[in-house]
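Quick notes on the structure that follows.
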Protein chains: 2
Amino acid sequence: MRSTTRTTTTVTTVNVNGLRAASGKGYVEWLDATEADVVCLQEVRAEQKQLAAHVVEPAGWHVLWAPSTTAKGRAGVALLSRHEPQARRIGFGSDEFDGSGRYAEIDLPGLTVASLYLPSGEVGTERQDEKERFMGEFLDHLKALRERAASQGREVVVCGDWNIAHQEADLKNWKANQKNAGFLPEERAWLSRVFDEVGYVDTVRKLHPDVAGPYSWWSYRGRAFDSDAGWRIDYQVATPGLADRALTARVERAASHPERWSDHAPVTVTYDGAILPE
Amino acid sequence: MRSTTRTTTTVTTVNVNGLRAASGKGYVEWLDATEADVVCLQEVRAEQKQLAAHVVEPAGWHVLWAPSTTAKGRAGVALLSRHEPQARRIGFGSDEFDGSGRYAEIDLPGLTVASLYLPSGEVGTERQDEKERFMGEFLDHLKALRERAASQGREVVVCGDWNIAHQEADLKNWKANQKNAGFLPEERAWLSRVFDEVGYVDTVRKLHPDVAGPYSWWSYRGRAFDSDAGWRIDYQVATPGLADRALTARVERAASHPERWSDHAPVTVTYDGAILPE
DNA sequence: CCTGGCAAG
DNA sequence: CTTGGCAGG
């Protein structure tokens, strides 16, 4: 579907909070207008057969669907790419999580793109234990992914809703949230390991080091969106070689409530260098 | 709140299918406009504290609420009267059903009015057994009610959603529904006993003996309302002396979909003779 | 305060 | 097809 040769690659990621609802509220128009080459979706919350054909197979896109097979109407990730992937993988080798609709990858020439929906968690409940188990297993995957990609000459970007704000600048009300899931010290430390120990780079923060946010999620409760009481929990976590090629990054924050079709906003990064056909 | 002396008494009954939803779709305006002296509600599906004050205690009305105490958000009946009742009763002396929000009575001078929400039932399930148990116990109550009222010099009208169509004229698709709950031979026979053996009168049918319907319920499924594929399952079941005083009866069928605030329509009967203050 | 599932109607 | 409750977020 390319009509001109691009010299950049744009990747966008968004938690759609139910693709059935989002499709009736502006997602379709957004996808139609996006300049992205790859789109990562999280919280699809539907199987293909529950979605309209033009949503399941939008013209001009190759799509990998990874709905939850264990909990109907929950989680679910997808990857859309204008190029046909060389390989598609669902899950990351976890007995517990591979059917949960929380992770999928596609290989493009020179680039592996992943869509991640990390469990939200809730302090004091089994759901926090689940999140921590996921984090433990996923860290190992991130290491292996990086090594495999390097051996193949590929860069990697793991896009998605990581459900953790890393630093104080990543959420408006950080003081009040230090004991809440999403900004717990142990969760923040785990993200630090992803960056400092495994060596991935938080692309948006790299390009915008000295700002609050930009937030990518605002609770539907209260007036969080209008007062910009948001969290930056949606990331493009890239290998250093790819992060060095990041040219621009932005959060596509809707201007107002009626335009919102999710409680998250798309996080879009443009990288230098085209994805060339093989 | 009466400003003139009435010489008639109007009673209306309607299954509101969730008073919270109905209140936002036209119920409030309907109540404000009604000429009725007594209003019987079924399927309120809310406790008082979940409703706005002007709905719980509308100006000019005395209200008896009987929500379900056993299943939150289910069933629930109420009685509104412009006169202050002399007595109020919830339930009919049943261990199983008195807390289920399916029956309440008020005594007015010369008249007992009841609001009934008989279980819907579903063939082949425990819910049909429940309906039949209710019918068995309730028939005894109808007998006792009639005798008590007679000894007190009161007439009786049991208003509500009986969830049974009596005869072929009482539903559009009677042939297709002979094996469905609501038009089973045993249910129809039970209603016949109410009329023929216990001696109550189906007031609306008495005034309109030779018409199809008038229906009072149309499924939300398909185009039942637009094609008038309805059922007459909401009744005013009166003692003969009161039924003889019935002057007019009508179903307040909304003209079109947007005006509907329930899948049922109010059934309104005007009886000769005023409810006088004591 | 939204989502989608569910039981009930 | 619609209600309200529910878990999840």
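Source: prediction; values computed, not measured. In the text below, chain A, chain B and the rest are named by the order of the sequence lines, each starting its count at 1.
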* On DNA chain C, nearest-nucleotide positions of A:Gly222 versus A:Ala22: which is more 5'? -> A:Gly222

* Give the rounded distance in Å between these two atoms: CG of B:Asn17 and P of D:dC1. => 15 Å

* A:Tyr117, nearest nucleotide to its side chain (from D:dG9, C:dT3, D:dT2) -> D:dG9

* Between atom OH in A:Tyr27 and atom C1' in C:dC2, what is the gap in whole Å? -> 19 Å

* Would you check if B:Ser216 and B:Ile233 make a side-chain contact, meaning some heavy-atom pair closer than 4.5 Å? => yes

* How would you label the contact of B:Gln50 with the nucleic acid (heavy atoms, under 4.0 Å): base, sugar-phosphate, or nothing? -> sugar-phosphate

* Asked: Side chains of B:Glu186 and B:Glu132: does their closest heavy-atom pair fall under 4.5 Å?
  -> yes

* To do: Answer yes or no for B:Arg253 and B:Phe225: cation-pi contact, defined as NZ/CZ to six-membered ring centre under 6.0 Å and angle to ring axis within 45°.
  => yes

* **Side chain of B:Lys25 (C-beta onward), nearest among D:dT3, C:dG4, D:dG4** => D:dT3

* **Distance in angstrom units between A:Glu47 CD and C:dG4 C1', rounded** => 12 Å

* To do: Using whole Å, report how far CZ of A:Arg260 lies from P of C:dC1.
  => 12 Å

* Counting side-chain heavy atoms from CB outward, which of D:dA7, C:dT3, D:dG9 is closest to A:Arg74? -> D:dA7

* To do: Find the distance A:Asn15:CG to C:dT3:C1' and express it as a whole number of Å.
  => 11 Å

* **Residue whose closest nucleotide on DNA chain C lies nearer the 5' end, A:Lys72 versus A:His257** => A:His257

* To do: Could you please name the option among D:dC1, D:dG9, C:dT3 that lies closest to any side-chain atom of B:Tyr220?
  => D:dC1

* Asked: Do the non-hydrogen side-chain atoms of B:Arg20 and B:Leu51 ever get within less than 4.5 Å of each other?
  -> yes

* **Nearest-angstrom distance from the residue atom CH2 of B:Trp217 to P of D:dT3** => 15 Å

* Taking the side chain as every heavy atom from C-beta outward, state whether B:His257 and B:Arg223 have any pair of such atoms under 4.5 Å apart. => no

* **Protein-nucleotide distance (A:Asp234, atom CG; D:dG9, atom P), rounded to Å** => 15 Å

* Asked: Rounded to the Å, how far apart are A:Arg45 CZ and D:dG8 C1'?
  -> 7 Å

* Structure fact -> With the side chain defined as heavy atoms from C-beta on, A:Arg221 is closest, among D:dT3, C:dC1, C:dC2, to C:dC1

* To do: Could you check whether B:Glu122 gets within reach of a base, just the sugar-phosphate, or nothing at all, counting any heavy atom under 4.0 Å?
  => nothing

